[in-house]
2 protein chains.
Amino acid sequence: MFNVFLHYLQSKINLTEDEIRLIESVSIIKKLKKHQFLLSEAEICTHSGFVCSGFLRKYSIDDKGIEHTVYFATENWWISDRQSLMDGTPSKYYIDAIEDSFVLLISKTDFEKLSEKIPQFKDMVNTILQRSLNATHERINTTLIATAEEKYIQFLKSFPKIANRVPRRMLASYLGITPETLSRIRKNISTK
Amino acid sequence: MFNVFLHYLQSKINLTEDEIRLIESVSIIKKLKKHQFLLSEAEICTHSGFVCSGFLRKYSIDDKGIEHTVYFATENWWISDRQSLMDGTPSKYYIDAIEDSFVLLISKTDFEKLSEKIPQFKDMVNTILQRSLNATHERINTTLIATAEEKYIQFLKSFPKIANRVPRRMLASYLGITPETLSRIRKNISTK
DNA sequence: AAAAAGTCTTGATAAATGTCAAGTATAAAT
DNA sequence: ATTTATACTTGACATTTATCAAGACTTTTT
């Protein structure tokens with residue numbers, strides 16, 4: 001599984017043999033069965049996660065017990081609760097596996113060590129952060145501008161590969177609508 | 001006006017005289033009258049902006065001509081369209097002044113130069129990016145979880161200082177509701 | 001293979017929010 | 001200071017989306 005991560009890294013930066021060995025030495029491979037948790041609310045997030053295979057999601061649960069999906073992560077995506085990781089505060093989120101998955105974990109201190117010792121690694125992370133921020137801003141804009149139907153169509157366009165892998169009720173919770181509404185939207189679109 | 005920026009920098013990092021002079025040499029002070037634009041849709045964003053005084057907002061306009069505010073920025077806040085700045089693509093957003101303002105601008109290349117020559121500057125920017133990303137994730141979660149009234153109350157709590165300075169229709173567009181709905185929410189709260 | 005659990009869809013109804021129109025209040029321009 | 005423009009509020013009504021309940025379909029477990 002480390003090879004998946006290595007391929008990812010090598011598609012972005014050049015690494016020496018020593019650097020690769022250093023990265024591998026701090027990488028923890030974790031196998032997650034479907035429904036298994038990587039993080040639960042009130043826990044403190046201690047590791048950055050990189051999805052080698054499978055599918056995970058991050059969500060919060062409100063007062064009424066309703067889940068709200070804030071993020072999906074599949075192969076070659078990062079996942080963690082950066083807020084909790086950064087500040088050492090309890091997380092408000094759950095992260096669990098939608099499919100059987102392999103996640104590569106790097107502890108906070110090891111991650112900082114890598115950033116310090118491998119400048120390209122630090123720059124890569126920085127670039128990812130910026131792209132992530134752009135994507136998140138884009139999502140907020142879509143939320144403000146689009147109707148429920150438009151949001152759904154936009155999701156299909158933005159993530160064509162994962163759209164079929166996501167259970168509908170989770171997709172609904174990501175879009176901020178109920179499963180019933182999503183069901184009606186889909187019906188409505190199919191008759192066009 | 002450069003002093004406002006310098007104070008901000010010195011509250012976060014230590015700088016030598018030379019470094020300060022370097023930063024000052026690439027800083028452009030721009031005065032903006034109320035309603036004046038810093039960026040318009042279809043333009044390419046070329047500078048990072050730091051608000052020394054005043055108040056700005058960033059928004060998009062949809063097909064129906066309705067404005068959707070994605071961001072407010074007051075003293076000591078950064079503002080730009082990072083997506084456009086990073087990729088050199090035309091912006092989807094407008095940035096204009098809600099109040100007469102002074103904005104300190106640094107061009108993309110100068111910003112990169114500063115990051116390269118002043119490591120603490122780069123680290124500071126990185127930290128700001130991370131905090132910004134956390135705040136944006138938080139906003140998405142609130143959008144998914146909260147009712148219109150809860151979003152409004154949350155805004156008051158999160159930004160007590162600027163709540164009174166923001167025209168209501170812009171606040172409404174930030175919350176993703178109409179001015180009429182905001183008006184009714186306020187009335188409803190005041191009678192409690 | 002059958003039973004159980006969970007998921008998706010559909011219908012009836014309720015609640016929240018939007019739209020349009022008019023009036024009031026406030027700020028800007030002359 | 002008066003006029004003009006803009007912003008805010010309120011009411012009546014329309015639309016969208018949520019809620020609740022039931023049935024159909026899938027997947028998982030036994």
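Every value quoted in this text rests on a predicted model; they were computed, and no experiment measured them. All chains are named by letter (A, B, ...) in the order of the sequence lines, taking the proteins before the strands, and each is independently numbered beginning at 1.
Rounded to whole angstrom, the span from the NE2 atom of A:His35 across to the P atom of D:dT27 amounts to 13 Å. Between the CZ atom of B:Arg186 and the P atom of D:dT10 there is a distance of 10 Å, given to the nearest Å. As a whole-Å value, the separation of B:Ile98 CD1 from C:dA28 P is 13 Å. Rounded to a whole Å, the CG atom of B:Leu175 is 18 Å from the P atom of C:dA16. One can place CZ of B:Arg165 at 19 Å from C1' of D:dA7, the figure rounded to the nearest angstrom. Rounding to whole angstrom units, CG of residue B:Asn164 and P of C:dT26 are separated by 15 Å. As a whole-Å value, the separation of B:Ile177 CD1 from D:dT16 P is 19 Å. Rounded to a whole Å, the CG atom of B:Asp100 is 14 Å from the C1' atom of C:dA27.
Listed pair B:Ser183 / D:dC8 fails the phosphate criterion, with no side-chain N or O lying under 4.0 Å from OP1 or OP2. For D:dT16, neither phosphate oxygen OP1 nor OP2 lies less than 4.0 angstrom from any side-chain nitrogen or oxygen of A:Lys151. OP1 and OP2 of C:dG6 both lie 4.0 Å or more from every side-chain N or O belonging to A:Arg169.
Side-chain atoms of B:Ser80 never come within 3.5 Å of backbone atoms of B:Ser48 as a donor-acceptor pair (strictly under, hydrogens ignored). Remark: side-chain polar atoms of B:Glu150 are paired, donor with acceptor, to backbone N or O of B:Thr147 under 3.5 angstrom.
Cation-pi geometry between A:Arg139 and A:Tyr174 is met: the NZ or CZ atom falls under 6.0 Å from the ring centre, inside 45° of the normal.
Annotation for A:Lys108: atom NZ counts as buried by contact number, over 12 foreign heavy atoms lying within 6.0 Å.
Among D:dT28, D:dA21, D:dC8, the nucleotide with an atom closest to any side-chain atom of A:Glu180 is D:dA21. Proximity note for B:Thr178 (side chain, C-beta onward) versus C:dT19, C:dG11, C:dT7: the nearest is C:dT19.
Note: A:Tyr59 and A:Tyr93 fail the aromatic proximity criterion, with ring centroids not under 6.0 Å apart.
Heavy-atom distances to DNA chain D give each of B:Met170 and B:Arg184 a nearest nucleotide, and the one nearer the 5′ end belongs to B:Met170. Comparing B:Thr181 and A:Val166 against DNA chain C, the residue whose closest nucleotide sits nearer the 5' end is A:Val166.
Among the atoms of the strands shown, only primed sugar atoms or phosphate atoms (P, OP1, OP2) are found under 4.0 Å from some heavy atom of B:Lys34.
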